[in-house]
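Because the structure is predicted, anything quoted here is derived from the model rather than measured.
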2 protein chains.
Amino acid sequence: MLSDSEISRQSPRRPITEVAQSLGLTPHEYHTLGDAKAKVQLQVLPRLAAASCGKFIVVTAVNPTPHGEGKTVTSIGLTQALHALNKKVCACLRQPSMGPVFGVKGGAAGGGYAQVVPMEELNLHLTGDIHAVSSAHNLASAALDARLHHETRLGAAAFAQQSGLTPLNIDPERLLWPRVMDHNDRALRQITVGQGSNNGPEHSASFVITAASELMAVLALSRDLADMRRRIGQLLLAFDKDGQAVTAERLGVAGAMTAIMRQAIEPTLMQTLNGAPCLIHAGPFANIAHGNSSIIADEIALKLADYVVTEGGFGSDMGFEKFCNIKVRASGHAPDCAVLVVTLRALKSHAPTPPQDISAVDFTALQQGFANLAWHLNNVRRYGVPVVVAINRFPQDTEQELTWLQQAAINAGAADCVVSEAFSHGAQGALALAQAVLQALQQPADFHPLYHPEAGLQTSLATLAELGYGAAGVSLSDKAQQQLQQLQQLGADKLPVCMAKTPMSISHDPALKGVPRGFVLPINELRLNAGAGFVTALAGNVMTMPGLGLNPGYLHIDIDAEGNICGL
Amino acid sequence: MLSDSEISRQSPRRPITEVAQSLGLTPHEYHTLGDAKAKVQLQVLPRLAAASCGKFIVVTAVNPTPHGEGKTVTSIGLTQALHALNKKVCACLRQPSMGPVFGVKGGAAGGGYAQVVPMEELNLHLTGDIHAVSSAHNLASAALDARLHHETRLGAAAFAQQSGLTPLNIDPERLLWPRVMDHNDRALRQITVGQGSNNGPEHSASFVITAASELMAVLALSRDLADMRRRIGQLLLAFDKDGQAVTAERLGVAGAMTAIMRQAIEPTLMQTLNGAPCLIHAGPFANIAHGNSSIIADEIALKLADYVVTEGGFGSDMGFEKFCNIKVRASGHAPDCAVLVVTLRALKSHAPTPPQDISAVDFTALQQGFANLAWHLNNVRRYGVPVVVAINRFPQDTEQELTWLQQAAINAGAADCVVSEAFSHGAQGALALAQAVLQALQQPADFHPLYHPEAGLQTSLATLAELGYGAAGVSLSDKAQQQLQQLQQLGADKLPVCMAKTPMSISHDPALKGVPRGFVLPINELRLNAGAGFVTALAGNVMTMPGLGLNPGYLHIDIDAEGNICGL
């Protein structure tokens, strides 16, 4: 079989103007960037305000394993199949971060014959939105440190006199805003800045990966430009010495940050391998951020298409949970159907003692690991959403195992369970899945979120832990207890929770496979994300900046003699 | 008068396809990014290989003052005027860094009625090239630290076994490659990275602004994609414990860096306010880097247009010197004519005791400060290039002063000296300048560089100091002496010098105004830039990362009710 980039390069592409037209965009509602990408202008939103919405399909998965379950392949394959069935469909996906691209994982544009193309554009800069988020974010960091520097250097009175500005009196012990970089750079996790003469004050600091930043969440959750401007103004950068919030608005940097992100707020239109429209927009990670593509892209797609396919990062305990409890709350668009992606080898990995060779036939391991799928199936159904299970088939999978799993999933409450071969066969390989989804969409969805943030953060955390993960309870560290009190004082404890935890287990502990029971969810820290509109709860040891491994992906990437990018 | 951004927004623009066509590009030689920008594909280069070249006009200036001399305004005004005279002209300019945009200076797209439009696109991301340079640069930093981390953590033998890679044995005391950011972020000048457990080894590090980075110089000096790939491979990142170079090639990151910069190597086509073509490409600062736009853009413009206008950063001791001694050496394209920009107030600032009000009539100060102009005039003529002096007129300037200066400049050897009012009157305001330049181009140029790098670095430094700046001599610090020996051992002392010094004086000392004499140029440090192909010599205290001032530009930038960016 050809490599992903060969398939991407060799496939014929529709002109992007034709894709835009087929989606129902008028020529003045987008501008093209080459023949393969277009930025959709937000002026389309008022035109579509009164239009009815298409069906909203969210793709999720069991707990992921290091082998990869193929959720994006399945999302794109489903989109391709619906398109092949002459349905008016649009996919809404996140822009891949360059961190994983050059780290372990390789591209995040799907794979095989289920891809968004051109894959090398999607995987690298695309239209620069992630760079814009990094740049706006880091302007706030530079501005905060510079203000602290000048006020410290001159003293408040002289600062006021020389600058004409009101001193902010920033507390150097309460700086909250990190810097960001869209790379896996372990050495920047914990640093000291402001060293040397005239560069201070010296203080501890950190970089997080851009995809884990609050500003990325702001981009994904904003309804329009004015809403983004408002959210950016609310970003909490630090506290002053009186305990008052130093926001981006108060620092005077919110306008410039919005200007930097002026074009990033426009979704990028691309296409699948068979020419179905796809809106790529924003890229928050799902373990530390809320893990879903943008509300603006969804809004446009739902108004223009009859079927919209999107995905939440990692398992249904992560991206799907945040989709339901954070994103739907901001967008008002509830899902009509979910697709739960699973692989035989993932289920075998979730057995209490996973087999050495997870590709070999092993009914015992499969049946034991099935508990993880059953949990996710029930988890999605708890939200009132019908579920189709998609088994992403690998070459070694046997008919016998597949048949057993299909029946078991249906017995466990799936609306249907079908085998998907989108990776190898593109749209054709996902036709059965598309038919099953269309069938499931006949069922009325009865969506309801898991918790109501108005009940207060403590209640939300407990509900999420107990109902959302099956924990016996939740325990807050002393630090988190204090932070909870501060949030209550700030009147900010009625916001949804964005749980930062491992994606490898339903619990906070990656070692607890299958369906863990009886554990207590430990909350180490609570962080107010006033711009994004949620409180991040850190459960366990969650990395906000990945590192490059022993054999990083960048080693294999180069340009060939014709100037094409290879090895992605 | 309208603000720069109002003028930019209100002016009618030609479709960029029409601009491309007028320049002589065929439709498959560029792709459009919206209706205002296009990326020019490098496949145009072989087609034009045999074409003859147009005339090459380089705009330079006297030593700049904090008030701004209007060099870019003059470059764009001249381009507009030549275009208005129906000459086939193209401007080649650098992409502005966001550091100055949000710092002090505001936009760098010209100003008034001499602008490249749309100015908010030029001043912010444009087509993402600077972001690409930052990203590629920082991938190398992350890769270097990660490799050091894994080899240190495991030891060489276990590292080799587990990774399958040959250990590099990087010397943690000899890490050379900084990180970069396209912001003025003082707190990142001197930092400690790799703190905390499992993030190390901990070591001192720094960020420089992207425009001051070697990789930006590589982009600007590469002849084509293969040349850029080769130069990136040669980047010297560190030394190993045996004293051998750890290059980007040896680390295995050069291919991925090139992939990240695959689109950045294509110049961006824009237009002036009156529709003349303009290629924007690369953005090295002139005080710490070589201060000129790209060789690739020049090559395309010279083959397609009859007149190409470009500029070197700061005064003729900086960007123009580096144009002649670094860029021409790499490109083979010598200048046919220079334009030397001056303002009355700049000359008054260069008087030994500058007047309180530099806008008021003051013949004494003007005549004293004229020495600076005379020096730059002779400096340019030393390279065998005819010079037209352009007086960038300000409203307070009197006819009497202007007339005196014109005559004085001609007496001092200028081919002509004309008043330019491009800021207020666009093309019309620069017609006299255009005519003077066309006249000067009738003179045969007899270009020769100042020094021949083959004579060795010590000779090059001495020649540059004595002939290039009028110094009495050059003195190397102990550190620089040692580095010189190392460079000789590496066989890298036959490269041109890229002098990092203040732009505010012909000397290394910003306090020495006018024409300093008798000073000795102190070289504190020599840095091999093996990818760019020069050795940077640091003279005096040169800042590679600017800081935000007391009243930074970002405070005034926002979006308006219509979503337009304002305050740039």
Side-chain angles (χ1 to χ4, degrees), chain A residues 31-35 39 42 98 102 124-125 128 131-132 135 138-139 141-143 145-146 149-150 159 162-165 181-196 199 225 229 252-253 255-256 258-260 262-263 547-548 550-552 554-555 557-559 563 565 567, chain B residues 31-35 39 42 98 102 124-125 128 131-132 135 138-139 141-143 145-146 149-150 159 162-165 181-196 199 225 229 252-253 255-256 258-260 262-263 547-548 550-552 554-555 557-559 563 565 567:
Chain A
H31 64 249
T32 57
L33 304 162
D35 60 0
K39 275 278 194 188
L42 298 197
M98 289 210 270
F102 293 110
L124 294 178
H125 315 279
H131 292 318
S135 180
N138 290 335
L139 177 62
S141 311
D145 268 325
H149 167 78
H150 290 302
F159 172 81
Q162 290 182 35
S163 69
L165 303 170
M181 188 171 282
D182 186 32
H183 279 307
N184 291 1
D185 193 345
R186 175 196 319 263
L188 295 180
R189 284 175 186 162
Q190 201 174 318
I191 64 175
T192 301
V193 302
Q195 296 177 320
N199 301 332
L225 188 60
R229 174 65 183 80
V253 75
T258 309
I260 295 178
R262 175 66 188 83
Q263 295 182 331
L548 291 167
L550 277 176
N551 235 311
Y554 73 73
L555 289 171
I557 297 170
D558 211 324
I559 50 159
I565 293 168
Chain B
H31 64 249
T32 57
L33 303 162
D35 60 0
K39 275 277 193 187
L42 298 196
M98 290 209 270
F102 293 109
L124 295 177
H125 317 278
H131 292 317
S135 180
N138 290 335
L139 177 63
S141 312
D145 268 325
H149 166 78
H150 290 301
F159 172 81
Q162 291 182 34
S163 69
L165 303 169
M181 188 171 282
D182 186 32
H183 279 306
N184 291 0
D185 194 344
R186 177 196 318 265
L188 294 180
R189 283 175 186 160
Q190 204 173 316
I191 64 176
T192 301
V193 303
Q195 296 176 320
N199 301 331
L225 187 60
R229 174 65 182 80
V253 75
T258 309
I260 295 178
R262 177 64 189 83
Q263 294 182 331
L548 290 168
L550 277 176
N551 236 311
Y554 72 74
L555 289 170
I557 297 170
D558 211 326
I559 51 159
I565 293 168

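In this view, B:Q195 and A:Q190, A:T192, B:T192, B:E202 satisfy the side-chain contact (heavy atoms from CB on, under 4.5 Å) rule, not counting sequence neighbours.
Although no hydrogens or angles enter the test, the distance criterion places no donor-acceptor pair under 3.5 Å between the side chain of A:R189 and the main chain of B:N199. Put simply, the side chain of A:H183 never gets that close to the backbone of B:S141: no donor and acceptor are under 3.5 Å apart.
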### Task
Would you sort out whether A:R186 and B:H150 count as a side-chain contact (heavy atoms from CB on, under 4.5 Å), showing the intermediate values?
CA-CA 11 Å; A:R186 175 196 319 263; B:H150 290 301; 3.5 Å; yes
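For a residue to count as touching a neighbouring chain, one of its non-hydrogen atoms must lie under 4.5 Å from one of that chain's; by this rule A:L555 touches chain B with backbone and side chain alike. Proximity to chain B (any heavy atom under 4.5 Å) is shown, for A:H131, by both the backbone and the side chain. Within the 4.5 angstrom heavy-atom criterion, no atom of A:D35 approaches chain B. Using a 4.5 Å cut-off between heavy atoms, A:D145 touches chain B through its side chain atoms alone. Contact of A:I565 with chain B is made through the side chain alone, with heavy-atom distances under 4.5 Å.
Of the listed residues (B:A146, B:G164, B:G252, B:A132), the one with the most heavy-atom contacts under 4.5 Å to chain A is B:G252. Note: B:I260 leads B:I260, B:N551, B:D182 in heavy-atom pairs under 4.5 Å with chain A. Among the candidates B:L33, B:T32, B:L124, B:L139, the residue making the largest number of heavy-atom pairs closer than 4.5 Å to chain A is B:L139. The residue among B:H31, B:R229, B:Q263 with the most heavy atom pairs within less than 4.5 Å of chain A is B:R229. With chain A as the partner, the residue from B:G563, B:G255, B:G196, B:G547 showing the most heavy-atom pairs under 4.5 Å is B:G255.
Residues B:I557 and A:A259 approach most closely at CG2-CB, 3.8 Å, considering heavy atoms. Here the closest heavy-atom approach between residue A:L225 and residue B:I559 is recorded as CG-CD1, 3.5 Å. Contact detail for A:V193 and B:A187: the closest heavy-atom pair is CB-O, 3.3 Å.
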